[in-house]
Undergrad: 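Sharing a structure with you now.
Counting starts at 1 for both ligands and their atoms, following the listed order.
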Amino acid sequence: MVDLAGQYQKIKPEVDQAIAEILTNTSFINGPAVRQFQSNLEKYLNVKHVIPCANGTDALQVAMMALNLQPGDEVITTSFTFIATAEVIALLQLTPVLVDVLPDTFNIDPEAIERAITPKTRAIVPVHLFGQCADMDRIMEIAHKHQLYVIEDNAQAIGADYFSKDGSTSKAGTIGHIGCTSFFPSKNLGCYGDGGAIFTNDDQLAEQMRIVVNHGMKVRYYHDVVGINSRLDSIQAAILDIKLKRLDDYAKARQYAAEYYNRAFAQCDKLKTPQTATFTTHVFHQYTLVTHCVNRQQLMDHLQSKGIASAIYYPVPLHLQKAYLDPRYQKGDFPVTEQLCKTVISLPIHTEFDDETLEYVTSSVLEFVNKD
Ligand SMILES: *Cc1c(COP(=O)(O)O)cnc(C)c1O
């Protein structure tokens with residue numbers, strides 16, 4: 001689905017030298033490379049505080065811990081996302097409240113959020129799924145009206161721009177009270193191991209989150225709150241700093257591939273190409289088609305036989321996952337999500353395509369889809 005080896009080859013001398021430097025100066029944890037990356041990411045995102053941490057799941061957990069949410073508090077999120085989003089809500093003994101997504105963008109339906117609000121609701125976690133922003137103007141409006149926190153799960157859309165109704169442009173993840181991201185290798189800004197970060201413009205929340213990621217301490221060995229240990233290591237930070245400089249070019253390469261796919265599939269009524277909302281750019285963490293009257297498994301088998309990867313993000317809606325079964329929810333409750341889980345397919349998308357490969361992928365897809 002990605003070509004991390006090809007991408008590495010192009011930045012190898014720079015990466016190898018940065019790693020070698022850290023091996024020599026042994027500043028593995030909290031070294032200058034971490035501070036430098038943090039500061040460069042703050043500038044890139046135009047956000048006051050970036051708090052690096054160990055992975056994207058921790059980022060979400062730390063955000064919820066810093067908001068001091070209490071067991072039983074309700075957190076509204078989407079039924080169509082990677083499990084991490086709901087996992088941390090459940091781990092903290094908060095109550096996940098799921099809502100359906102919009103059929104065109106696959107992102108959380110703001111009107112469904114408003115309908116799901118109860119006196120126990122404390123926070124909303126929109127996910128900027130597959131690389132484009134959810135409708136943040138509407139979500140922030142609902143949050144202000146009901147005095148709720150907004151935590152953006154930006155693991156898939158780092159670098160995307162959000163165009164607000166007021167004319168301002170913001171980077172994805174910097175609009176809500178807190179934004180969270182992941183630097184998992186296959187993410188748009190990926191390191192060579194695990195990594196994550198939290199963003200906020202709120203000084204107090206930033207201070208609280210810095211305490212939470214560091215065992216709940218501000219002064220060494222004095223623990224004011226129960227925290228966790230969640231750090232980005234220096235080697236990963238150095239790699240990320242090198243890739244951050246290229247993040248916009250990486251997004252352009254993904255967009256080029258997505259446009260190529262869109263053109264190739266435009267006339268095919270069995271494939272619906274991904275739609276981008278007007279208020280956001282799309283950085284195509286995934287390129288996801290909705291199939292119509294196509295045997296999806298056979299299509300995947302066909303692609304595999306031609307050496308082409310494909311994947312289903314995601315095959316099971318959150319409310320039908322075994323660990324998350326809940327008498328509040330039944331099959332049929334989130335019809336858009338349930339239909340998407342049955343019909344979506346994601347094609348390879350990354351930064352290293354040439355036209356020949358894109359042609360091979362698209363013609364292989366069409367060969368199967370058009371055969372009857
Ligand atoms: C990848 C991802 C996460 C978790 O990130 P990790 O670094 O793997 O913990 C959370 N939410 C979404 C939507 C993701 O895609």
Side-chain angles (χ1 to χ4, degrees), residues 1-2 4 37 41 50-65 75-92 94 96 98-99 101 105-108 123-134 136 139 150-160 172-173 176 178-199 209 212-213 228-233 236-237 239-240 243 254 274 280 282-288 311-318 321 323-324 337 340-341 344 346 349-350:
M1 296 296 286
V2 292
L4 296 177
F37 170 63
L41 187 56
V50 164
I51 297 132
C53 65
N55 56 68
T57 310
D58 274 8
L60 290 162
Q61 179 173 337
V62 169
M64 286 179 211
M65 288 172 77
V75 178
I76 299 176
T77 193
T78 153
S79 48
F80 190 55
T81 179
F82 179 56
I83 199 66
T85 323
E87 190 172 55
V88 295
I89 299 172
L91 271 175
L92 295 171
L94 310 171
L98 303 177
V99 302
V101 295
T105 61
F106 317 142
N107 269 328
I108 195 164
I124 306 168
V125 185
V127 179
H128 302 317
L129 201 73
F130 300 156
Q132 69 169 317
C133 295
M136 290 305 293
I139 291 168
V150 175
I151 303 170
E152 298 172 69
D153 182 341
N154 193 33
Q156 300 189 2
I158 193 159
I178 302 176
C180 297
T181 203
S182 162
F183 303 126
F184 185 79
S186 63
K187 298 285 157 93
N188 288 37
L189 180 59
C191 56
Y192 297 165
D194 271 311
I198 314 161
F199 328 135
M209 293 192 286
V212 172
V213 296
I228 63 173
N229 168 24
S230 189
R231 293 184 285 241
L232 181 70
D233 69 67
Q236 302 309 334
I239 294 162
L240 288 165
K243 291 179 73 170
R254 288 172 175 273
T280 176
H282 201 317
V283 294
F284 289 99
H285 174 61
Q286 299 299 344
Y287 181 89
T288 302
I312 295 170
Y313 307 114
Y314 297 92
V316 183
L318 287 193
Q321 293 284 359
Y324 294 82
T337 297
L340 289 173
C341 289
V344 288
S346 298
I349 190 138
H350 54 73

Undergrad: Of all the non-hydrogen atoms in the protein, which one sits nearest to atom 15 (O) of ligand 1, and at what distance?
TA: Gln156 NE2, 2.8 Å

Undergrad: Which of the atoms in ligand 1, numbered in the order shown and given with their element, are less than 4.0 Å from a heavy-atom of Val127?
TA: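 Those of ligand 1 that fall under 4.0 Å from Val127 are 13 (C).
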
Undergrad: Can you pull out the closest protein heavy atom to atom 2 (C) of ligand 1? Residue, atom name and distance to 0.1 Å, please.
TA: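 The answer is Lys187 NZ, 2.6 Å.
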
Undergrad: Distance-only criterion, 3.5 Å: show the donor-acceptor pairs between side-chain atoms of residues 54-62 and protein atoms not counting sequence neighbours.
TA:
residue : atom : partner : partner atom : Å
Asn55   : OD1  : Thr57   : N            : 3.0
Asn55   : OD1  : Asp58   : N            : 2.7
Asp58   : OD2  : Ser230  : OG           : 2.6

Undergrad: Show me which atoms of ligand 1 lie under 4.0 Å from any heavy atom of Asn55.
TA: 7 (O), 9 (O)

Undergrad: Are any of the N/O atoms on Gly56, whether in the backbone or the side chain, positioned under 3.5 angstrom from an N/O atom of ligand 1?
TA: yes

Undergrad: Under a 3.5 Å cutoff, is there a donor and acceptor pairing between the side chains of Asn188 and His285?
TA: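 Note: Asn188 and His285 side chains meet the donor-acceptor criterion.
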
Undergrad: Assess the pair Phe106 and Tyr313: is the distance between their ring centroids shorter than 6.0 Å?
TA: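 Phe106 vs Tyr313: aromatic centres not under 6.0 Å.
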
Undergrad: Can you tell me which portion of His285 lies within the under-4.0 Å heavy-atom range of ligand 1? Options are side chain, backbone, both, or neither.
TA: neither

Undergrad: Do Ile139 and Ile124 have side chains that get closer than 4.5 Å, going by heavy atoms?
TA: yes

Undergrad: Can you tell me the protein heavy atom closest to atom 9 (O) of ligand 1 and the distance?
TA: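 Checked against all protein heavy atoms, atom 9 (O) of ligand 1 sits closest to Thr57 OG1, 2.5 Å.
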
Undergrad: Please report whether ligand 1 has a polar contact with Thr81, defined as an N or O pair separated by less than 3.5 Å (distance criterion only).
TA: no

Undergrad: Under a 4.0 Å heavy-atom limit, does Asp153 contact ligand 1 with its side chain, its backbone, both, or neither?
TA: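 For Asp153, the contact with ligand 1 is made by the side chain alone.
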
Undergrad: Can you measure from CG (Leu240) to CZ (Phe37) and round to the nearest 0.5 angstrom?
TA: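 Going from the CG atom of Leu240 to the CZ atom of Phe37 covers 4.5 Å.
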
Undergrad: Students should be able to answer this: which protein heavy-atom is nearest to atom 8 (O) of ligand 1, and at what distance?
TA: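 In this structure, atom 8 (O) of ligand 1 has Ser182 OG, 4.1 Å as its nearest protein heavy atom.
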
Undergrad: Return each pair, listed once, that meets side chain to side chain donor-acceptor pair (under 3.5 Å) where at least one residue sits in residues 81-90; pairs must be two or more places apart or across chains.
TA: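 Residue pairs with at least one partner in residues 81-90: Thr81-Thr85, Thr85-Asp153.
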
Undergrad: May I ask you to test the Tyr314-Ile83 pair for a side-chain heavy-atom distance under 4.5 Å?
TA: no

